[in-house]
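A quick note: this is a predicted structure, and the numbers were derived from the prediction, not measured. Read the numbers this way: they start at 1 and go in the same order the structure lists the ligands and their atoms.
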Amino acid sequence: MPRFFVEPDKIRDGQIVIDTEDVAHIKKVLRIREGEVITVCDSCGNDYQAEVIEIAEKQVLCNILSSAHSETEPNISVTLFQGLPKAAKMDYIIQKTTELGIVRIVPCALSRCVVKLENQKAEEKKVSRWQKIAEEAAKQSGRGVIPKISMPVTLAEAIRELQNMDLAFVPYECEEMTSLKKVLTGQKDVCNIGFLIGPEGGFDPAEIEKITAAGIKTVTLGKRILRTETAGEAVLAMTMYELGDINTF
Ligand code: SAM
């Protein structure tokens, strides 16, 4: 069933108003007619089954038939701090981690990033495009929440956020002692998890010094070196398997 996202304030008195770009998609691409039923999510974890009752020029009006807590959202909240990768890799990272249940992706400017931060306006434009990719991936994968793409942060800002999480770690290509399994095992009560993935060039030792000095563990992902766009989704999948909802069936 087609799935759409609206802001909570578009849901009132048993009705839902869709007045975003989705109106054109509903009319011209999906050719949905009055009387058909769609799923509408409020991005706060609630799914509504709604009957389309009026398709106007700039809005679609629906009657709520039923509502339920979104059953596709994971029981843990995982944030990926992603070292800014080259070109279209971020699109791929956003799409795959959305499918796997990420709640937030924070681009991070690190010393070995090939891509450097531009002015605020240019970064806002990039984040807005990335946010649309997250929305499309959330629709395709049946998520109840669209992951949030944040504005890029510095390493210091990422460290500060990671320190406030229930569980935080940094997969580091030169780490040889601490495994991801060791860090994840037994963490049954954690809700808020964050990890930082380096860019194609990896981490500068000075960056790792700051990370470990802040009390954040570095972990190895094994003997093979994963691409930056592979590492995030691999770590997320393993985290969801060990602590999330991927192994609950
Ligand atoms: N330039 C680095 C090198 O050649 O060793 C590789 C960096 S890797 C492409 C990008 C990021 O993925 C790393 O900074 C790390 O966060 C993560 N990563 C990839 N393979 C890893 C591994 N075997 N153990 C821990 N982290 C890994």
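E157 and T154 share a donor-acceptor pair across their side chains, judged by distance under 3.5 Å alone.
Residue contacts with ligand 1 leave out T230, since none of its heavy atoms falls under 4.0 Å from the ligand. Under a 4.0 angstrom heavy-atom cut-off, E175 registers as lying outside contact with ligand 1.
With values rounded to the nearest 0.5 angstrom, L236 atom CG is found 15.0 Å from Y241 atom OH. To the nearest 0.5 angstrom, Y92 atom OH is 7.5 Å from E229 atom CD. Atom CD1 of I211 sits about 11.0 Å away from atom CD of Q163, to the nearest 0.5 Å. Between the CD atom in Q95 and the CH2 atom in W130 there is a gap of 15.0 Å [rounded to 0.5 Å]. Annotation: the span from I32 atom CD1 to K27 atom NZ amounts to 12.5 Å, rounded to 0.5 Å.
Of all atoms in ligand 1, numbered sequentially from 1 with element shown, those under 4.0 Å from a heavy atom of V219 are 25 (C). Atoms of ligand 1 found under 4.0 Å from any heavy atom of A231 (numbered from 1 in listed order, with element): 12 (O), 17 (C). Interface atoms of ligand 1 facing G201, defined by a heavy-atom separation under 4.0 Å, are 1 (N). Listed by atom number, the atoms of ligand 1 under 4.0 Å from P171 heavy atoms are 15 (C), 16 (O), 25 (C), 26 (N). Close approach of ligand 1 to F203 (heavy-atom distance below 4.0 Å) involves ligand atoms 14 (O), 16 (O). Those atoms of ligand 1 with a heavy atom of G202 less than 4.0 angstrom away are 1 (N), 7 (C), 14 (O).
Checking only distances, G222 does come within under 3.5 Å of ligand 1, N or O to N or O. Taking distance alone, with nitrogen or oxygen atoms compared against 3.5 Å, E200 approaches ligand 1 more closely than that limit. Considering backbone and side-chain atoms alike, G198 places an N or O below 3.5 Å from some N or O of ligand 1. An N or O contact shorter than 3.5 Å links E173 to ligand 1 by distance. Between K223 and ligand 1, no pair of N/O atoms sits closer than 3.5 Å.
Few gaps surround CG on N119; more than 12 heavy atoms of other groups in view lie less than 6.0 Å from it. Counting heavy-atom neighbours within 6.0 Å of R227 CZ, excluding the residue itself, gives a total of 12 or less.
Looking at V170, L180, L226, it is L226 that brings a heavy atom closest to atom 20 (N) of ligand 1. Scanning L221, V235, T220 for the heavy atom closest to atom 27 (C) of ligand 1 points to L221.
K10 has its side chain out of reach of I18: every pair of non-hydrogen atoms, C-beta onward, lies at least 4.5 Å apart. The shortest side-chain heavy-atom distance between K126 and V115 falls under the 4.5 Å cut-off.
Closest to atom 25 (C) of ligand 1 among all protein heavy atoms lies Y172 O, 3.2 Å. Counting protein heavy atoms only, atom 4 (O) of ligand 1 is closest to I225 CG2, 4.5 Å.
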Would you mind writing out the side-chain donor-acceptor pairs for residues 101-110 within the sub-3.5 Å range, not counting sequence neighbours?
from	atom 1	to	atom 2	distance (Å)
R104	NE	S150	OG	2.8
R104	NH1	E161	OE1	2.9
R104	NH2	S150	OG	3.4
R104	NH2	E161	OE1	3.3
R104	NH2	E161	OE2	3.0

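If you look at R224 next to ligand 1, the close heavy atoms, those under 4.0 Å, all belong to the backbone. At a heavy-atom distance under 4.0 Å, only backbone atoms of P199 (N, CA, C or O) approach ligand 1.
At least one protein heavy atom sits closer than 4.0 Å to atom 14 (O) of ligand 1.
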Step-by-step side-chain hydrogen bond (donor to acceptor under 3.5 Å, both in side chains) determination, E99 to S141: CA-CA 6 Å; E99 293 167 37; S141 57; over 6 Å; no
